[in-house]
> 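The structure under discussion is supplied below as structure tokens; questions concerning it will follow.
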Amino acid sequence: MTASFETFMDTAWRDHGDDPAGVASRLADARALPQDDAERGRLASLATHVYGEHLGRWMDGVAFLDTLRRVTADDARDAEDASGDGDGRDALTLAIDRHVATLRHAAGDTRALDGLAPAEAAAALAGCASAMAGRGDFAHAIADYAAARELASAGLADGSPAIRALAVGGNNLAVALEGKPDRTPAETAAMVDAAHSALVHWRRAGTWLEEERAHYRLAMSRLAADDAAGAIDSATHCLAVCDANEAPPFERFFGYAALAMARRAAGERTGFDDARTRALALYESLPDDDKPFARGDLAKIEAS
């Protein structure tokens, strides 16, 4: 891990939401910063996200990834000349192939997935679903996520990148659909299904923290779908994971906030008051730096 690379990445992720074009313009100069495959993979992920979801400049993203691929190949040849063997960059090559397939598919290339194994194609489609959801193209996002799950239905080996891609894609699709004020019944069903799929896949790809947050996400999706009983169940599971892992107040706040909203929707006044009181107390215990992230849910439960 190099300080210059970490500084670039921290700054880029901080700035990309407000100035994606500016971050994209800085990517070319960043190609020389990564010192290993892990760092190159992170740069490829950033480029795919910025060029794709934020800018919709799909083929510009492909062009950048191709230059990153060439840098990687040059480094590999140097290492092979020096040591007589390869540097184990197969995983990085596959990752770049997936990112390229994601961008090409989003751009409308009907052959973008040709040559990919089913798990690799599933990961690419899940990434495309996430990008399309972020751009408000819900028809394509829902179709791509369904296609990704179909490809993965035969089973995914432990450690497959498709598991995490399906977890992230399901979460992002659910969040985007929750914020859509004119959801159709089909979109509402897809929202809840995506949140549930995210939970299933985070259980394999993440830690207890990702699982707990996936329960929260499913609670909020169920609440948006007017399923108060289901939302109560998911929020209760969220808090159970928190209890089992001695979660910090920040995580518990969101669990109790979700439970309060769900109990209010179910007409359970006493349960709402109890969960709300616990959430408010947890909010007050948060460090000042954490409070801004909790204010959205705080506003939703402050009114009785």
> I'd like to know if Asp274 pairs up with Arg278 as an ion pair, taking the criterion as any Lys NZ or Arg NE/NH1/NH2 lying under 4.0 Å from an Asp or Glu carboxylate oxygen.
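Between Arg278 and Asp274 there is a salt bridge, with a charged N closer than 4.0 Å to a carboxylate O.
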> List, by chain and number, the other hydrophobic cluster members for Trp208, where Ile, Leu, Val, Met, Phe, Trp and Tyr join if side-chain heavy atoms come within less than 4.5 Å, directly or indirectly.
Leu209, Val241
> Can you tell whether the side chains of Arg222 and Glu178 come within less than 4.0 Å, N to carboxylate O?
no
> I'd like to know if Ile96 and Met59 are part of one continuous hydrophobic network [Ile/Leu/Val/Met/Phe/Trp/Tyr, side-chain heavy atoms within less than 4.5 Å].
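Same cluster: Met59 reaches Ile96 through Ile, Leu, Val, Met, Phe, Trp or Tyr contacts under 4.5 Å.
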> Does a donor on one side chain and an acceptor on the other come within less than 3.5 Å for Arg276 and Tyr256?
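No pair is found: no donor N or O on one side chain lies under 3.5 Å from an acceptor on the other.
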> List the atom of Leu33, the atom of Gln35, and the distance in Å for their closest heavy-atom pair.
O-NE2, 3.1 Å
> Could you tell me whether Arg135 and Glu53 make a salt bridge, using a distance below 4.0 angstrom between a side-chain N and a carboxylate O?
no
> Under a 4.0 Å N-O cut-off, is there an ion pair linking Arg203 with Glu210?
no
> Before giving the answer on side chain to side chain contact (heavy atoms under 4.5 Å, CB included), spell out for Arg26 and Thr11 the whole-Å C-alpha distance, their side-chain angles and the decisive distance to 0.1 Å.
CA-CA 11 Å; Arg26 300 200 298 268; Thr11 303; 4.1 Å; yes
> Does a side-chain heavy-atom distance below 4.5 Å link Asp144 with Met132?
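Answer yes - side chains close enough.
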> Testing the 3.5 Å rule here: is there a donor-acceptor pair between the side chains of Asp137 and His140?
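On atom types as modelled, these side chains qualify, holding a pair under 3.5 Å.
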> Report the C-alpha separation of Arg42 and Glu6 in whole Å, then their side-chain angles, then the decisive distance to 0.1 Å, and conclude whether the salt bridge (Lys or Arg N to Asp or Glu O under 4.0 Å) test is met.
CA-CA 10 Å; Arg42 290 169 59 193; Glu6 291 301 322; 2.8 Å; yes
> Does Lys291 come within less than 4.0 Å of Asp289, counting only side-chain N to carboxylate O?
no
> For Asp273, is there an ion pair with Arg263 - N to carboxylate O distance below 4.0 angstrom?
no
> Could you name each residue pair satisfying ring-ring contact (aromatic ring centres under 6.0 Å, His included) that touches residues 27-67, not counting sequence neighbours?
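Applying ring-ring contact (aromatic ring centres under 6.0 Å, His included) to every pair that reaches into residues 27-67, excluding sequence neighbours, yields Trp13-His49, His16-His49, His16-His54, His49-His54.
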> Determine whether the side chains of Tyr145 and Ser197 contain a donor N or O and an acceptor N or O closer than 3.5 Å.
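Side chains of Tyr145 and Ser197: pair found under 3.5 Å.
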> For a quick test of reading the model, state the closest non-hydrogen atom pair linking Ala219 to Ala235 and the distance between them.
CB-N, 3.8 Å
> When hydrophobic residues are tied together by side-chain contacts of less than 4.5 Å, even through go-betweens, does Leu166 share a cluster with Leu177?
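In one cluster: yes.
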> Using the side chain to side chain contact (heavy atoms under 4.5 Å, CB included) rule, take Met261 and Met220 through it: C-alpha gap first, then chi angles, then the decisive distance, then the call.
CA-CA 9 Å; Met261 287 182 259; Met220 299 304 288; 3.8 Å; yes
> For residues Leu199 and Val192: do they belong to one hydrophobic cluster (side chain heavy atoms under 4.5 Å, members Ile, Leu, Val, Met, Phe, Trp, Tyr)?
yes
> Same cluster or not: are Leu173 and Trp202 linked, directly or through other Ile, Leu, Val, Met, Phe, Trp or Tyr residues, by side-chain heavy atoms under 4.5 angstrom apart?
no
> Could you give the distance from CG (Asp36) to CZ (Phe5), rounded to the nearest 0.5 Å?
8.0 Å
> Rounded at 0.5 Å granularity, tell me how far CG in Leu113 sits from SG in Cys128.
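The CG atom of Leu113 sits 8.5 Å away from the SG atom of Cys128.
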> Taking the side chain as every heavy atom from C-beta outward, state whether Leu46 and Phe8 have any pair of such atoms under 4.5 Å apart.
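Yes, side chains in contact.
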> Between Arg252 and Asp243 (salt bridge meaning N to carboxylate O under 4.0 Å), is one present in this structure?
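Answer for the salt bridge query: yes.
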> Would you say the side chain of Arg31 lies within less than 4.5 Å of the side chain of Asp29, judging by non-hydrogen atoms?
no
> Looking only at side-chain N and O atoms, does Asp297 offer a donor or acceptor that is under 3.5 Å from a partner on Tyr216?
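Note: Tyr216 and Asp297 side chains meet the donor-acceptor criterion.
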> Might you point out which heavy atoms bring Gly169 and Ser130 nearest each other, and give the distance in Å?
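That closest heavy-atom pairing would be CA-CB, 4.1 Å.
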> How many angstroms lie between CD in Glu120 and CZ in Arg98, if you round to the nearest 0.5 Å?
4.5 Å
> Provide the closest heavy-atom pair for Arg183 versus Ala225 in the form atom of the first, atom of the second, distance.
NH2-N, 4.5 Å
> Closest heavy-atom contact between Glu212 and Cys242?
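So the minimum-distance heavy-atom pair works out to CG-SG, 3.5 Å.
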> Side-chain heavy atoms under 4.5 angstrom apart, residues restricted to Ile, Leu, Val, Met, Phe, Trp, Tyr: same cluster for Leu125 and Leu116?
yes
> Would you name the heavy atoms of Ala265 and Leu223 that are closest together and state the gap between them?
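Minimum heavy-atom contact is CB-CD1, 3.7 Å.
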